[in-house]
Structures are given as C-alpha cells and as structure tokens.
Amino acid sequence: MTVDQTTFRKALLDPEAARPDGLSDGKGRSAGRRFDVYRNNVTVSLTEALEVGFPVIRKLVGQENFKLLASAYLRRHPPRSPLMMHFGADMPSFLADFEPTRQTSYLPDVARLELAIRESYHAADADPISPAELEALPPETLIGSRIRLASSLRLVRSPWPILSIWRFNVEEDAKSPEMAAEDVLVARPDLDPVPELLPPGGAEFINALLTGATFGDAMDKASEASRNFELPVVLTLLVEMKTLIEIGG
Amino acid sequence: MLDATAHEFARLPDAPGVGYKPQHFNEIVDDAGPVAWLEIHAENYMGDGGRPIAQLRHLAERFAFSVHGVGLSIGGEGPLDSEHLARLKRLVDWLDPASFSEHLAWSTHDSAFLNDLLPLPYTEASLARIAEHVDEVQEVVGRRMLLENPSSYLAFEESTMTETDFLREVARRTGCGLLLDVNNVFVSATNLGTDPVSYIDAFPVELVGEIHLGGHDDDEDDHGAPLLIDNHGSEVADPVWSLFDYTIRKSGPRPSLIEWDNDVPEWPVLKAEASRAARVLEAATA
C-alpha cells in the first residue's frame, strides 16, 4: 500500500475526508488520529499566519469567528508560495464573498489596508530626496519632471472610513470612526510603515505620479478631482514620509 | 554530486546558537551570552528590504549565520520550485552564511504550500528522488547543504529502510552533510516505539554539521500510547538533554542550536538554554 502526496494532501485539507490507508503507528496498528497531528499543524500554522497578517480584521470579527474564517480561507486559497509574508493576498475578495462577512461592506477595504501595510514593511529600501534638493529645483523644471516614488508606498482608497476604523482598533485613545470616504497613503519613513489620511485630491495626485504622469499633469488631475486640492500639503506629506526617490525627465 | 572539496562549507562554530527572533534584537546585541551564532528561517528573509533585512545585515557583522529553509519541499513528488530555489540562492549569495540546511520532508504539492514538514516513506524511489533534489539544490546554491531528520508521528507501511540508512545514503550519493535534531530523534522514537539511543548509534555522526535542540508537547494516540508533538514551544526536555549529552560524547562538540519558535520566551530564558548546551559542549572538550 503506497500513500501518494495527492492523497495525503487531500486528507490534510479536508477534515471530513478519510485518513489515508497505509500509515501505521510503527507497531503494526493503524496510525488513526496520529494523522490529525499533521492536519492540525497545517490549519493552525496557516491560521496563525493570517492572524499575524490581519490583526484588525481579527479584532473586528472576533477571535473565534476569525478562526472559522481563516479555516475557510486557507482551504479556498491555500498559499501558492512558501513565503508566508505574501499569504492572504486574496483576503479582500474572500471577505466580500464569504457568507458571514459579505454584509459587512467595509471589511474588504480594511483588509486591503492591512495588506498594504504588510507589503510596505517588506518592500525594497531606497534613499529619499532631501527637502533641500526639492527646494533647489526651479519650479518649471519640477512641473515637467516625472517622479519615482518609493516602492514601499501604497495607496488605498475607500468609500469607508478605513483608516479611522484601523486606528480605533490599533491605537489607544483613537476616536470612534465616523462615516466618511477615506484615502490612505501607506509609506515607510523609517523601518515601520505608517498609514496617513490623504487630503482631497491627494490620491489622484499620487496615483498620477505612480502611473508616470509629470508633476504638472498630476497637479492638473488632482485639481480636476477636487477644488480643495492643496499641493503644499500633499507635497509636505510626501517629503516627510520620505516617498520621493528620484526626479527625472 | 557536488564536489565536496571545491565547495566545502565554512562550518559554524562548535558552540551554541539560537533561532533568531526579532523581539530579541536589542538584547542579543547587548548581551549574547554564550550564543556564538544565529539561525534564521530562510523564507522570513526573502522580502525586498525593510526591517528584517536591516536587522540581518547588522547582526551578520557580529555573528555567524545558519540559513535554515522550511519551504523547499525537498521530499516533494513534484519538481523543486525553481523560483524559490533562485530566491534561496540570492539570500545565500548576499548573506554568505556559515551553513545552509533544509528538511527531509515535503510541504508543497500541486502548487499548494502547506506550511508544515510532512513525512515520506523510506523507499528506493523516494531515495532516488530526494538525492536528485539535494543535488539540484547544491548545484544551484553552489554549496553543500545539511539535511535534517524529521519528527515523525506515524510510519509508512511501504518503507523498506530505516531513516538512518536513508539519510546516510542520501549523504553518500550527494555529498551533503546532515543536521541531527536530537529532539526529533526522541519524539520519533517515542512515537514509533523505537530506541533513541540506538538511533544515535546508527546515525553517521561524522557527517553532522549541526545539532538542533527544541521543546516538545505531550499527547496520546487512539490507544493511549504517548504521542509527542514537536512544537518548539518550551524548554528542551530532560531526556532530550541526556540524549544530546550522549550524542556529543560520540561526535565531539558540534554547533548546537536551541529552537524556540512558538510562545517565544524572554531573552534570558533562551540564553539560559544556550548556556546549558554550552556546558555539555565544554564537558566534551575537557
């Protein structure tokens, strides 16, 4: 009796499946619940990886519900890579579709924010442009320039107050969230990612820069999107968060 | 087979090491005690940058490193993941660790990674496959590797050879060294009703480049027989220390690691475990 890895794997991920034959306790008896050690290891270790990756989702749904959610997730979307730092990328769409969470419309966007923070944490390092370098640039040169942003920068836009929800669950003394759309910039000024609320037009401005628009075109995009767009506010934020890496042609 | 003389790995010091946990960074820098080297799980340091890589670069100036992979799935029925192998090569190339090791186990099948070290039968077919995989790893990474004995909760009826014979033969065919996890030996022997001391006696200790020590948990099987779970979540158990002592008397001092991955304790607790390992190693030198 041979036990192939297809059989083994199926039985690992499906608690209802029969345990494979051909496994023993080493003393001639069937392995029985010894197989469940592996089942348990797989479920527990992958659940823990999701708990580490989505602490706010876990708080929002509660620890026991999160275990059920994780158990469903890891069966529907088992990791495709041994890098646990990437596990959970399908969480937003999963939450939007999963019966017990689909009514809670803000959850997928909170998950996107948590993913953005995790991606930022592991992103490549880069030396930012100093404020002095930026100030030394003649305005007409800046207007026509394209700007390379840090690879640790992420933009998460939501019709929900996702950053307020995140802060309420992470920071002590955070205000309780009020209904508002929120655009969030995630950046890594040092070694820890920091999420910051973007002012009106900020997301359009950054998005334009990310897609290769010149500084001037990005300003136009932002002004079109919001009459309240204030370049100095957004630019100061981007400089302080050390997100501007290179000014090119 | 990789030419062992050309690619001989620079060995770790014959002293205690610990599995590195980021929460211990400051204390390790301030007072490492007897800890002479650190081990990392390769997969946790395959990001592009940020704090994990920054800490590693800093520590690598002071400590020897062991890169311990948990995701290659050397025992897998399918081919090795070439992307993952390339990531491993990149890490080993820039960090230049004193040792690189992986497990006699599988974890990926049909492109799903199961995040556990899963068991395999010891047969001619699995031996040929694993020797081929070890050859490929050593060829790509460009150095000898160490292969670790697993902890077992069950046995395959189809197995035709013992684990020690199997490991010895993989090492003979590929030129790889072995990582002897003494806790795994104790856990497997208890679980499968064999004798841990006989296992050490049958093990080719001359090929051991590193020893692992870790904690286990107690459970039982359907028949009330003891079932030990290798969880790296507590102090090393006394019978495992005894087995370690026995092993070191046979092998002489070896780089010996305290593995503590779950419910990670405060640094002084981990340091005390390393000190206990240091005393065993020193006694063998005296």
Side-chain angles (χ1 to χ4, degrees), chain A residues 1-6 8-10 12-13 19-46 48-49 74-75 77-87 118-126 151-152 188 190-193, chain B residues 41-44 46-55 69-73 75-78 81 83-84 87 106-121 123 125 151-158 188-189 191-194 219-223 225 227 229-231 262:
Chain A
M1 176 79 215
T2 61
V3 187
D4 64 24
Q5 291 175 0
T6 303
F8 208 97
R9 187 207 130 168
K10 270 191 190 140
L12 276 179
L13 286 178
R19 298 163 181 146
D21 291 329
L23 303 172
S24 84
D25 67 350
K27 291 159 272 186
R29 293 182 299 208
S30 164
R33 66 181 289 259
R34 289 161 173 263
F35 183 79
D36 299 352
V37 176
Y38 298 105
R39 269 182 175 154
N40 189 55
N41 284 350
V42 170
T43 301
V44 168
S45 70
L46 292 177
E48 280 173 1
L74 65 94
R75 284 169 179 83
H77 302 283
R80 296 292 162 195
S81 148
L83 271 59
M84 283 296 103
M85 66 180 76
H86 298 321
F87 182 44
R118 180 150 48 118
E119 288 164 8
S120 177
Y121 181 78
H122 291 288
D125 307 303
S151 59
S152 53
R188 205 178 73 203
D190 189 20
L191 291 173
D192 292 311
Chain B
H41 285 177
E43 285 70 16
N44 292 340
M46 289 179 175
D48 294 325
R51 188 184 293 282
I53 306 294
Q55 286 193 343
V70 296
L72 253 188
S73 199
E77 283 169 5
D81 176 347
E83 264 178 58
H84 193 59
R87 284 193 288 261
W106 62 281
S107 49
T108 298
H109 188 67
D110 283 348
S111 82
F113 175 72
L114 298 158
N115 204 30
D116 191 27
L117 299 166
L118 299 162
L120 51 128
T123 62
S151 50
S152 300
Y153 307 109
L154 47 76
F156 286 75
E157 288 168 4
E158 68 202 271
S188 299
N191 290 345
L192 302 178
T194 57
D219 200 351
E220 51 184 43
D221 76 357
D222 303 278
H223 307 283
L227 183 60
I229 315 288
D230 172 38
N231 69 348
N262 295 300

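Every chain is numbered from 1, with letters handed out A, B, ... down the list of sequences.
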message: Rounded to the nearest 0.5 Å, what separates atom CG in B:Asp222 from atom OG in A:Ser30?
response: 7.5 Å

- prompt: Is A:His122 close to B:Pro52 at the side-chain level, that is, under 4.5 Å between some pair of heavy atoms?
  reply: yes

Chain A contact via B:Asn231 - side chain, backbone, both or neither, heavy atoms under 4.5 Å: neither

message: Within the 3.5 Å criterion, strictly below it, is a donor on B:His109 or A:Thr6 matched to an acceptor on the partner's side chain?
response: yes

When A:Gly28, A:Ser45, A:Gly32 are compared by non-hydrogen pairs under 4.5 Å with chain B, the top option: A:Ser45

Interchain contact, B:His41 with chain A, by part (heavy-atom threshold 4.5 Å): neither

message: I'd like to check B:Leu154 versus A:Tyr38 (side-chain heavy atoms, cut-off strictly below 4.5 Å). Are they in contact?
response: yes

task: Would you mind checking which part of B:Leu114 comes under 4.5 Å of any heavy atom in chain A, side chain (CB onward), backbone (N, CA, C, O), both or neither?
output: both

Non-hydrogen atoms of B:Gly50 and A:Asp125 that approach each other most closely: N-OD1, 3.0 Å

field: Smallest separation among heavy atoms of B:Ala112 and A:Arg9, with atom names
entry: CB-NH1, 3.7 Å

message: With a 4.5 angstrom heavy-atom cut-off, is it the side chain or the backbone of B:Leu117 that approaches chain A, or both, or neither?
response: backbone

query: In terms of heavy-atom pairs under 4.5 Å, which option from A:Ser81, A:Ala31, A:Ala49 contacts chain B the most?
result: A:Ser81

query: Which heavy-atom pair separates B:Asp219 from A:Arg33 by the least distance, and what is that distance?
result: OD2-NH2, 3.5 Å

field: Distance-minimising heavy-atom pair for A:Gln5 and B:Gly75
entry: NE2-O, 3.0 Å

- prompt: Can you tell if the side chain of B:Asn262 reaches within under 4.5 Å of the side chain of A:Glu48, non-hydrogen atoms only?
  reply: yes

message: Using the rule given for side chain to side chain contact (heavy atoms under 4.5 Å, CB included), can you reason through B:Glu77 versus A:Asp4, listing the C-alpha separation, both sets of side-chain angles and the distance that settles it, and then say yes or no?
response: CA-CA 8 Å; B:Glu77 283 169 5; A:Asp4 64 24; 3.6 Å; yes

message: Check the orientation of B:Phe156 and A:Phe8. Use parallel for under 30°, tilted for 30 to 60°, and perpendicular for over 60°.
response: parallel

field: Salt bridge flag under 4.0 Å for residues A:Asp192 and B:Arg51
entry: yes

statement: On a heavy-atom basis, the closest approach of B:Glu43 and A:Met85 is O-CE, 3.5 Å

message: Side chains of A:Leu83 and B:His84, heavy atoms from C-beta outward: is any pair under 4.5 Å?
response: yes

field: Sub-4.5 Å side-chain heavy-atom contact between A:Lys27 and B:Leu192
entry: no

field: chain A contact via B:Ala54 - which portion, at a heavy-atom distance below 4.5 Å
entry: side chain

A:Arg34 side chain reached by B:Leu227 side chain, heavy atoms, under 4.5 Å: yes

field: Side chain, backbone, both or neither of A:Phe35 within contact of chain B (heavy atoms, under 4.5 Å)
entry: both

Positive for side chain to side chain contact (heavy atoms under 4.5 Å, CB included) with B:Asp116, one of A:Leu46, A:Asn41, A:Val44: A:Asn41

task: Counting only heavy atoms closer than 4.5 Å, note whether B:Ala225 contacts chain A via side chain, backbone, both or neither.
output: side chain

task: Evaluate the side-chain proximity of A:Val42 to B:Asn115: yes if any heavy-atom separation is below 4.5 Å, no if none is.
output: no

query: Contact part of B:Ser151 toward chain A, heavy-atom cut-off under 4.5 Å: side chain, backbone, both or neither?
result: backbone

